[in-house]
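Worth saying up front: this structure is predicted, and the values here are computed from it rather than measured.
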Amino acid sequence: MDDQTSKVRRVTFANPPHNLIGADTVAELLDIVDRLSGEEQASVVIFDSATPGFFLNHVDSDQIPAIADMAGSGPLPEFVELGVRLAAAPFVSIASIRGRARGGGAKYTAAFGLRYASREQAIF
């Protein structure tokens, strides 16, 4: 996570080579969303990717059991809770998409407040 200004934050996905979603990804993103939700000065959060050709991809099939075992704080599994918390966050969330957003990545992308996709590089 990077502070762009006093009100703008940037979160960059970097899980080469394909930005697959793993249990660590879900846990880290939940932590980031929770932390930023508690910061009154964080008004806008821009999510992007450092992995060329990929924004946020599908779940790593080797990680499915670990992700399924992640219990949320309420009745929802943690991977579902992430999307709910992201959609309800008190800050404006912006997805800057220059690459593939597939499977779970496309579902999380739908939870962002705004989505800006490159005509040349974004693939859903």
Quick one: side chains of residues 86-105, donor-acceptor pairs under 3.5 Å with protein atoms, not counting sequence neighbours, listed by atom name and distance.
from: Ser93; atom 1: OG; to: Gly113; atom 2: N; distance (Å): 2.8
from: Ser96; atom 1: OG; to: Arg98; atom 2: NH1; distance (Å): 3.1

With the 4.5 Å side-chain cut-off for hydrophobic clustering, are [X] and [Y] part of the same group?
X	Y	value
Val26	Leu20	no
Leu36	Val33	yes
Val84	Phe47	yes

- Query: Under the ring pair (Phe, Tyr, Trp, His ring centres under 6.0 Å) test, which residues partner Phe79, sequence neighbours left out?
  - Reply: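 Phe79: no ring pair (Phe, Tyr, Trp, His ring centres under 6.0 Å) contacts found.
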Euclidean distance, [Y] [atom2] relative to [X] [atom1], rounded to 0.5 Å:
X	Y	atom1	atom2	value
Leu82	Leu29	CG	CG	5.5 Å
Lys7	Arg9	NZ	CZ	10.0 Å
Ile67	Asp60	CD1	CG	7.5 Å
Asp31	Asp24	CG	CG	12.5 Å
Ile32	Ser37	CD1	OG	11.5 Å

- Could you tell me whether Phe124 atom CZ has more than 12 heavy atoms of other residues or ligands within 6.0 Å of it? yes
- Could you pull out the closest heavy-atom pair between Arg10 and Asp48, with the gap in Å?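 So the two residues come closest at NH1-OD2, 2.7 Å.
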- Message: For the backbone of Asn57 and the side chain of Asn19, can you confirm whether one donor and one acceptor N or O come within less than 3.5 Å of each other?
- Response: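 Side chain of Asn19 to backbone of Asn57: no pair is present.
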- Could you check Leu56 against Ile21 for side-chain contact (heavy atoms from CB on, under 4.5 Å), going step by step and ending with a plain yes or no? CA-CA 7 Å; Leu56 192 56; Ile21 298 171; 4.0 Å; yes
- Task: Any salt bridge (Lys or Arg N to Asp or Glu O under 4.0 Å) involving residues 85-96? Give me the pairs, sequence neighbours left out, ordered by first then second residue.
- Result: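 Counting only pairs at least two positions apart or across chains, the salt bridge (Lys or Arg N to Asp or Glu O under 4.0 Å) contacts touching residues 85-96 are Asp34-Arg85, Glu81-Arg85.
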- Going through the distances and angles, do Thr25 and Tyr108 end up as a side-chain contact (heavy atoms from CB on, under 4.5 Å)? CA-CA 12 Å; Thr25 310; Tyr108 287 143; over 6 Å; no
- Message: Is the ring pair Phe13/Phe55 parallel, tilted or perpendicular, if the boundaries are 30 and 60 degrees?
- Response: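 Correct class here is perpendicular.
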